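This one's a predicted model, so the numbers in the text were calculated from it and none came from an experiment.
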Amino acid sequence: MRARYGTVLAWSLYELGATSFAMNLLSLHLPLDIAGRMPRGSEKFSLAFGLSMAVVAVAAPFLGHLADRAGKRRFLVPFVLAGVAFTALVAAPGPVPRVLVLFALANIAFQCAYVFYNALLPDVSDETNSGRVSGWGVAAGYLGSLLGMFLVLPFVSGKIRAGMPSFVSSICDALSVAAVSSNANDAWVRQNAYLPTALLWLGAAVPLLFFARLPRPSSLSKKFSSSSSSSSSPSSPLRDVLATIRSLPSTPSLLWFLVSNFLYIDVIHTIQIQMSTYSRYAVGLNDAQVQILLLVATAVAILGGLLYGLLCQRVTIRTATLVALGNWVLVFALALLVRDPKAFTVVGVLAGIGLGGIKVTGRLGLIALVPKERMTEFFGFFTLAGEAASVLGPFLWAVTLTLFPDRSPTGYRAGISVLFVVLVFAIGAFLRVRFPRAEQDQERFLGR
């Protein structure tokens with residue numbers, strides 16, 4: 001049965017709204033907001049994020065088990081609605097520790113919702129267009145990041161709000177929880193960014209949650225029940241994960257690849273949530289310059305994915321991955337050396353290219369190393385490892401910053417230096433990977 005265009009559109013639209021949460025609460029506004037509202041705010045934000053991701057890493061296999069065997073939308077709906085509600089509550093006036101708890105709950109709901117959202121791909125597409133539909137979702141995600149940034153500008157900046165038509169200003173006034181100043185030199189009121197972000201996420205999710213035509217969950221449940229009854233030892237998520245881990249020593253190249261991927265994804269995820277605070281306190285960018293930096297990095301990430309997709313068609317996966325890792329070495333070197341705020345935009349450009357590139361090479365590397373009959377098993381484990389990798393980096397970042405004065409440029413550069421050491425270990429692990437001579441699987445993947 002061919003996928004319905006309306007269902008595909010609803011699935012892609014969800015990504016557009018959800019990535020506004022990732023931009024405004026994980027990368028841009030909330031990290032800077034918390035860092036400026038309380039002592040050691042950067043460290044406490046990192047700890048809250050790391051703890052929430054630890055919960056997600058533990059829950060993800062069990063949620064994936066449910067997604068495979070029961071109705072996916074019935075679980076997606078409550079997680080999305082909870083995430084939207086907690087995101088809106090982050091904007092409520094109150095002590096910062098309460099804000100961090102609400103943020104952690106919102107992030108848990110956000111990340112868990114993605115388990116069920118990704119599991120819906122086979123239901124909204126078919127074998128003829130699954131790759132294309134997935135690409136539309138990725139493109140909608142990048143567009144949503146940009147839209148989320150632009151949407152909240154009149155809410156956080158009084159100067160921008162003053163230049164808007166009166167009806168737009170009235171809407172912004174009604175949805176703002178704190179007053180903003182039209183003085184160009186005054187700091188942005190980032191607390192106002194969270195409620196419109198929640199509304200954008202909800203609005204974009206409604207078609208998928210309530211109107212898209214999806215397979216009936218009852219048929220899936222019956223299939224699961226019959227398969228369970230015919231098996232004397234039905235699988236469990238914990239058993240599946242442990243079985244995968246126990247099998248890794250027999251495939252050393254795959255083991256080293258996963259170790260390398262875990263380490264560099266840990267570094268990159270930490271950079272994503274700390275780029276705004278680093279550029280603000282270590283480099284000295286103002287509010288508008290931080291906004292531009294993340295805007296450039298997000299836009300360039302699209303180009304990075306395309307460039308590395310072309311590169312992987314012309315060189316081996318090993319070479320392409322080493323180029324991507326070298327890209328990140330250059331990002332770290334320039335981040336530590338560049339002091340001029342305008343020149344720091346180059347770091348954002350390179351980080352965007354590297355972010356888009358490493359996603360391409362990571363997936364293709366796994367495809368080249370894993371036997372086809374175990375592909376689903378290892379892609380699930382690959383996703384779980386990526387979520388677990390979001391725990392270590394934020395803790396390292398927080399511990400490093402506590403050794404220096406609050407919001408000290410030296411402390412932030414020390415944090416970058418520690419992450420750079422982790423990246424070096426990731427490169428060392430990757431150098432031990434031996435790919436098959438013929439990497440035909442990657443060509444089939446790119447041609448789909």
Side-chain angles (χ1 to χ4, degrees), residues 17-56 79-113 148-149 151-153 155-158 172-181 186-202 269-270 272-281 287 290-291 294 390-391 393-395 397-399 401-402 406-407 412:
T19 50
S20 65
F21 173 94
M23 174 55 68
N24 290 332
L25 276 85
L26 301 184
S27 297
L28 179 56
H29 291 294
L30 189 60
L32 282 170
D33 186 10
I34 299 299
R37 287 169 63 182
M38 71 182 307
R40 300 291 180 184
S42 290
E43 295 94 308
K44 291 169 183 174
F45 176 83
S46 289
L47 290 173
F49 176 78
L51 289 171
S52 67
M53 290 306 298
V55 173
V56 173
F79 276 110
V80 171
L81 295 181
V84 168
F86 285 127
T87 301
L89 289 172
V90 169
V96 177
R98 187 177 72 189
V99 172
L100 287 173
V101 170
L102 291 169
F103 158 69
L105 293 173
N107 188 50
I108 290 170
F110 169 76
Q111 303 288 350
C112 290
M149 278 194 284
L151 173 71
V152 302
L153 278 175
F155 291 90
V156 300
S157 170
C172 293
D173 290 337
L175 295 178
S176 295
V177 297
V180 296
S181 169
D186 286 352
W188 287 359
V189 182
R190 299 183 184 277
Q191 191 177 354
N192 289 335
Y194 315 132
L195 182 55
T197 299
L199 293 175
L200 175 59
W201 182 11
L202 177 62
H269 282 182
T270 307
Q272 282 184 279
I273 68 169
Q274 295 297 344
M275 181 180 284
S276 59
T277 53
Y278 183 86
S279 59
R280 178 66 177 271
Y281 297 113
D287 287 323
V290 172
Q291 179 91 17
L294 291 189
S390 298
V391 179
F395 282 110
W397 182 268
V399 169
L401 262 61
T402 57
D406 190 23
R407 284 173 282 193
Y412 281 95

Backbone of V56 reached by a side-chain donor or acceptor of Q111 within 3.5 Å: no
Closest heavy-atom pair and its distance - G148, S20: CA-CB, 3.9 Å
For F110 against A18, the heavy-atom pair lying closest together: CE1-O, 3.2 Å
Check: D287 side chain, A187 main-chain N or O, donor-acceptor pair, under 3.5 Å: no
Nearest atoms (heavy-atom pairs only) where I273 meets P394: CD1-CG, 4.2 Å
Stepwise side-chain contact (heavy atoms from CB on, under 4.5 Å) test for R407 and T277: CA-CA 9 Å; R407 284 173 282 193; T277 53; over 6 Å; no
Flag side-chain contact, heavy atom, 4.5 Å: D33 against F45: no
side-chain contact (heavy atoms from CB on, under 4.5 Å) between L89 and R98, worked out: CA-CA 10 Å; L89 289 172; R98 187 177 72 189; over 6 Å; no
Sidechain-backbone polar pair: R40 side chain, L401 backbone, donor-acceptor under 3.5 Å: yes
Main-chain N/O of L153 paired with S157 side-chain donor or acceptor, under 3.5 Å: no
Check: V90 and F86 side chains under 4.5 Å, non-hydrogen atoms: no
Approximate separation, where rounding is to 0.5 Å, of L102 CG and T87 OG1: 9.5 Å
Minimum-distance pair of heavy atoms, taken over all atoms of F49 and S390: CE2-O, 3.7 Å
Atom of F79, atom of A109 and distance for their closest heavy-atom approach: O-CB, 3.4 Å
Centroid-centroid under 6.0 Å between F103 and Y194 rings: no
Over all atoms of both residues, closest heavy-atom pair of A193 and V156: CB-CG1, 3.8 Å
Exam field: side chain N24 to backbone V152, donor-acceptor pair closer than 3.5 Å: no
M275 vs L28 side-chain heavy atoms within contact, under 4.5 Å: no
Residues S42, Q274; criterion side chain to side chain donor-acceptor pair (under 3.5 Å); working and verdict: CA-CA 8 Å; S42 290; Q274 295 297 344; 4.7 Å; no
Verdict with reasoning, L26 to Q272, per side-chain contact (heavy atoms from CB on, under 4.5 Å): CA-CA 8 Å; L26 301 184; Q272 282 184 279; over 6 Å; no
Exam field: side chain S276 to backbone S27, donor-acceptor pair closer than 3.5 Å: yes
side-chain contact (heavy atoms from CB on, under 4.5 Å) assessment of L199 paired with V84: CA-CA 7 Å; L199 293 175; V84 168; over 6 Å; no
Polar side-chain atom of N107 near backbone of S52 as donor-acceptor pair, under 3.5 Å: no
